[in-house]
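Heads up, the thing below is written out as structure tokens.
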Amino acid sequence: MAHMKNYTPPVGDEIILMKMGEMVLKGLNRHHFEDRLMSNARRRLQRYGKFRIYSRQSITYVEPQSLDCDMDGAFETLKNLFGVVGLSRAKACDKTPEAILETAKTYLYDDLMEAETFKVESKRSDKSFPMSSIQLSQFVGGELDEAFEHLRADMHTPDVVVHVEVRDFAAYVHANTTPGAGGLPVGVGGRAVSLLSGGIDSPVASWMMAKRGLALEMVHFFSYPYTSPEAKDKVLELARLITPWCGRMTVHVVPFTEIQEELRRSCPESLFTLLMRRFMMRISEQVALRVGAHALVTGESLGQVASQTMEAMGVTNAVCTLPVFRPVIGMDKEEIIRIARKINTFETSILPYEDCCTVFTPRHPKTRPSMEEILEAESNLDMDALIQRAMDGIERVTVEWE
Ligand code: ATP
Ligand code: MG
């Protein structure tokens, strides 16, 4: 690799290879995607030691630069890196056919014992290596076939592929890849503000949009003393639980008590939830403008509650000019819960702390509100002042993985 200046070979005998996902298809944007993936990986890996990270032909190489790098920790954290479809640990050995074969036999012993069929695929970036890629594959394949009696070569659908890569400073051997988190690198699609409640749906919705490449900031509406400090901690914990995928995040905690009390005092009870949701959307949009975000995200699911009928959503949506992404809109609760379990937010979401929405739930909420009655109800309010005071009272909390 003569084109790599100042290259420091990895230390130790293992490296990590990551295969990039659909971004490979994105033509000219590819470098932008790769750079984002690498900087996200760099940030995630800081706590696991000093690594060198670079990309070649849709593979990103993660190479330890000192012996105290935590390879297990690094591998675990990279499994959650959006933009990676598969990853594997590869073992280094001397650049001789014999050493490569020996490494395949020992390092991949378990994989080879479990498989019935296999094939060998070799790549050679060191063109001075005495065998061609095909010769090397034939040599290693032939020897493995003999050494493992139960194994059969299969070029089309092998159980295990033995990958051999001969590079400048060493040869590397690895087997099948572990599935990655998929999606697009966080941040590549820009920034959005996600409305995070203490429920099941909004953490899932946030995770889904981060998976599509959005960097998120969270907004949470907090109604102290109607809701307890524990309810707020629960929301911060939910945000923290998705940081392994989303990265470090800011949670904007908005004081919402005054607005709720004002609504209860001066507006029809049946419209309470909708008027409140409209305030949430207006304030979230202002936060978005402040932080350079270009969309909002909510955990709404069509028909799930009275404020999530099509007509009700028309009324809440009308106050926003930014696009509002609702990734769980067409999902059943069961489907949402399945994801919540997968991303480890479910158990926290079901902790029994009240949410600001449940504090003043109308007995008979309107499911088919008209815009006229909504505007009529809002005409009693000093909208700008209420919003301004809420904005002024925002507390920003940074959450990150420990
Ligand atoms: P979730 O499970 O996400 O709480 P939900 O089914 O309980 O959703 P609602 O309470 O009607 O539905 O809220 C709909 C959406 O509005 C939530 O998914 C969330 O995006 C946003 N939201 C509701 N309450 C709050 C809050 N206190 N702070 C921030 N966003 C909120
Ligand atoms: Mg809720």
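Remark: His252 pairs with no residue by the ring pair (Phe, Tyr, Trp, His ring centres under 6.0 Å) rule, at least two apart or across chains. Residues passing the side chain to side chain donor-acceptor pair (under 3.5 Å) test with Ser284, sequence neighbours excluded: none. Contacts of Arg191 classified as side chain to side chain donor-acceptor pair (under 3.5 Å), with partners at least two apart in sequence or in another chain: Glu217. Not a single ring pair (Phe, Tyr, Trp, His ring centres under 6.0 Å) links Phe346 to another residue, sequence neighbours left out. Contacts of Lys123 classified as side chain to side chain donor-acceptor pair (under 3.5 Å), with partners at least two apart in sequence or in another chain: none. In this view, Arg282 and Glu378 satisfy the salt bridge (Lys or Arg N to Asp or Glu O under 4.0 Å) rule, not counting sequence neighbours. Partners of Glu261 under the side chain to side chain donor-acceptor pair (under 3.5 Å) rule, at least two apart in sequence or in another chain, are Tyr226.
Summarising the local packing, CD of Gln135 is surrounded by more than 12 heavy atoms from other residues, nucleotides or ligands at distances under 6.0 Å. In Arg42, the CZ atom is crowded: over 12 heavy atoms of neighbouring residues, nucleotides or ligands sit closer than 6.0 Å. The number of heavy atoms from other shown groups lying within 6.0 Å of NZ (Lys333) is above 12.
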What side-chain donor-acceptor pairs closer than 3.5 Å can you find for residues 99-106, not counting sequence neighbours?
residue : atom : partner : partner atom : Å
Thr103  : OG1  : Ala99   : O            : 2.7
Thr106  : OG1  : Glu102  : O            : 2.9
Thr106  : OG1  : Thr103  : O            : 3.4

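Sorted by first and then second residue, the salt bridge (Lys or Arg N to Asp or Glu O under 4.0 Å) pairs involving residues 136-158 (not counting sequence neighbours) form an empty list. Sorted by first and then second residue, the salt bridge (Lys or Arg N to Asp or Glu O under 4.0 Å) pairs involving residues 226-236 (not counting sequence neighbours) are Lys232-Glu395. Sorted by first then second residue, the salt bridge (Lys or Arg N to Asp or Glu O under 4.0 Å) pairs that include residues 73-94, not counting sequence neighbours, are Asp13-Lys91, Glu14-Arg89, Asp72-Arg89, Glu76-Lys79. Applying the salt bridge (Lys or Arg N to Asp or Glu O under 4.0 Å) definition to pairs two or more places apart or across chains, those involving residues 293-319 are Arg277-Glu300, Glu300-Arg326, Glu311-Arg368.
Using a 4.5 Å heavy-atom threshold, the side chains of Trp207 and Phe82 count as touching.
Atoms CG and CZ, from Leu184 and Phe33 in turn, are 6.0 Å apart once rounded to the nearest 0.5 Å. Atom CG of Leu214 and atom CE of Met208 lie 12.0 Å apart (nearest 0.5 Å).
Put simply, the residue from Ile15, Leu17, Leu45 that forms a side-chain contact (heavy atoms from CB on, under 4.5 Å) with Val62 is Leu45.
With hydrogens and angles ignored, the 3.5 Å screen pairs a side-chain donor or acceptor of Glu285 with a backbone N or O of Leu322.
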Could you give me the CA-CA distance, side-chain angles and deciding distance for Thr367 and Thr309, then say whether side chain to side chain donor-acceptor pair (under 3.5 Å) is met?
CA-CA 6 Å; Thr367 54; Thr309 65; 5.7 Å; no
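In this pair, His220 and Phe222 present their aromatic rings tilted. The plane angle is within the 30 to 60° band.
Thr348 and Glu237 are not linked by any side-chain donor-acceptor pair at a separation below 3.5 angstrom, with hydrogens and angles left out of the test.
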